[in-house]
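Below: one structure, written as structure tokens.
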Amino acid sequence: MSKSLLIVSRQPPWSGPSAREALDIALAGGAFDLPIGMLFLDDGVLQLVGSQQPGTLQQKDLSANLQALPLFGVEALYASTRSLQERGLDGQALALAIETLDDAALTALIDRYDQVITL
Amino acid sequence: MATLHVLSHSPFSDSRLSSCLRLLGSGDGLLLSGDAVYALQRGTAQRQALDLMPANIGLFALEEDLCARAIDAPPRVQVVDYPGFVELSCRFGKVNSWL
Amino acid sequence: MNQLIVDGRRIALDKDGYLLNLDDWSETVAEALAQREELRLSREHWEVLQLLRGFYQEFQLSPANRPLIKYATLKLGPEKGNSLHLNLLFKGAPAKLAAKLAGLPKPTNCL
């Protein structure tokens with residue numbers, strides 16, 4: 001049985017390589033059928049805002065790429081309720097079907113995985 | 001499975017420390033390395049938050065990073081060298097590096 | 001530089017034979033790319049190429065084999081969305097070869 005990996009993505013979408021790197025790890029692992037979960041924390045939840053248009057920044061469309069996660073076998077997708085609230089995103093429609101978790105549930109989530117990496 | 005969280009960024013310029021503190025569970029550990037040891041600077045809110053962490057959370061800091069920055073660790077924090085870091089990494093079920 | 005000449009037009013390819021400029025794609029270009037691979041495109045090939053172009057439109061990336069199969073199952077049904085069918089059509093490397101013929105970038109997540 002492969003070890004499960006939780007990827008914690010906590011950087012905003014367009015200002016550096018971290019969000020892209022976190023997603024690439026998830027897609028590559030998913031393509032190899034590894035049990036992967038992804039958690040959006042802190043500014044990472046900004047990746048989930050709908051209708052973003054990175055074309056104006058001449059960057060690859062991370063939002064569109066994120067939509068492919070379930071097809072790559074990455075269906076365990078979570079976001080921090082607190083991070084969403086802090087950024088005024090609670091109750092807003094997100095670009096991804098995702099489970100929102102409070103702090104205690106996040107601690108339990110991290111505990112459940114064999115390995116965790118935070119980018 | 002208990003997690004050792006490893007921080008290495010200054011707690012004054014980003015939110016890794018505060019986010020991490022909220023996610024620590026009973027039995028988990030936190031290792032401060034690099035600029036993250038600035039969290040132990042006296043008279044700061046970060047130091048206060050660490051002083052108030054419950055006893056079931058292990059707090060560790062890398063010796064050479066403390067020395068280099070002239071920071072004194074309180075007794076609550078266990079100071080480790082690199083072999084100690086390795087030993088910790090093995091003692092915990094997994095290591096979460098906050099890159 | 002690798003190139004392809006279609007109807008007198010030069011079309012730039014990367015070292016693996018993928019289009020450098022995705023806008024260069026047309027059905028004629030696909031035929032010419034297939035010829036380089038010694039493949040004759042049947043209706044079933046075209047169906048997968050269109051599917052891949054749809055995938056790229058939606059997700060802005062080229063799928064690895066597993067997601068390609070999943071997506072094909074979703075859109076074309078299980079008879080088409082299985083590795084046997086896709087392997088037979090595309091010489092055992094559907095994600096790489098079909099992406100090439102559909103004018104997509106080389107999939108980065110399949111080794």
Side-chain angles (χ1 to χ4, degrees), chain A residues 1-12 15-26 29 34-47 78-87 89 100-119, chain B residues 1-39 45-46 49-50 52-62 65 85-99:
Chain A
M1 182 64 192
S2 309
K3 286 193 171 179
S4 59
L5 170 65
L6 180 69
I7 300 158
V8 185
S9 184
R10 55 178 298 285
Q11 299 292 337
S15 52
S18 289
R20 157 73 41 200
E21 285 166 359
L23 176 62
D24 281 344
I25 297 173
L34 298 177
I36 293 209
M38 198 158 176
L39 163 63
F40 296 87
L41 181 69
D42 296 341
D43 278 350
V45 298
L46 298 170
Q47 298 170 37
Y78 311 96
S80 156
T81 310
R82 176 198 292 268
S83 302
L84 289 167
Q85 276 168 356
E86 286 171 346
R87 289 159 186 78
L89 297 172
T100 61
L101 300 173
D102 64 17
D103 290 345
L106 290 181
T107 302
L109 179 75
I110 292 172
D111 208 50
R112 242 183 13 245
Y113 278 80
D114 296 322
Q115 293 172 324
V116 183
I117 185 168
T118 301
L119 286 100
Chain B
M1 193 171 47
T3 305
L4 176 67
H5 294 266
V6 179
L7 297 182
S8 56
H9 291 72
S10 164
F12 303 114
S13 56
D14 82 20
S15 60
R16 285 177 180 82
L17 178 71
S18 45
S19 289
C20 180
L21 292 184
R22 282 196 290 263
L23 299 183
L24 289 170
S26 170
D28 285 344
L30 169 60
L31 173 77
L32 304 171
S33 68
D35 283 340
V37 301
Y38 284 125
Q46 285 79 359
L50 288 169
L52 293 173
M53 289 307 284
N56 59 18
I57 304 282
L59 294 181
F60 311 93
L62 262 186
D65 289 320
F85 183 1
V86 174
E87 191 272 319
L88 278 179
S89 307
C90 300
R91 193 196 308 168
F92 285 84
K94 57 180 174 280
V95 176
N96 178 22
S97 296
W98 292 62
L99 303 174

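Chain identifiers are assigned alphabetically (A, B, ...) following the order of the sequence lines, protein sequences preceding nucleic acid strands; residue numbering begins at 1 within each chain.
A donor and an acceptor atom, one from each side chain of B:Asn96 and B:His5, are located under 3.5 Å apart. A side-chain donor-acceptor contact under 3.5 Å links A:Gln47 and A:Ser9. If you check the side chains of A:Arg10 and B:Ser15, you find a donor sitting under 3.5 Å from an acceptor.
With a 4.5 angstrom heavy-atom cutoff, A:Leu41 touches chain B only via side-chain atoms. For A:Glu86, the part sitting under 4.5 Å from any heavy atom of chain B is the side chain, from C-beta outward, and nothing else. Interface residue A:Asp103: backbone and side-chain heavy atoms are both found under 4.5 Å from chain B. A:Asp43 does not touch chain B: none of its heavy atoms, backbone or side chain, sits under 4.5 Å away.
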Let me have the donor-acceptor pairs involving side chains of residues 22-32 of chain B, under 3.5 Å, with sequence neighbours excluded, atom names and distances please.
| residue | atom | partner | partner atom | Å |
| --- | --- | --- | --- | --- |
| B:Ser26 | OG | B:Asn56 | ND2 | 3.4 |
| B:Asp28 | OD1 | B:Thr3 | N | 2.8 |
| B:Asp28 | OD2 | B:Gly25 | N | 2.8 |

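The candidate with the highest count of non-hydrogen atom pairs below 4.5 Å against chain A, out of B:Ala2, B:Ser19, B:Ser18, is B:Ser19. When the candidates A:Val116, A:Val8, A:Ile117, A:Leu119 are compared by the number of heavy-atom contacts under 4.5 Å with chain B, A:Val116 comes out ahead.
Taking A:Ser2 as the reference, nothing meets the side chain to side chain donor-acceptor pair (under 3.5 Å) condition, with sequence neighbours excluded.
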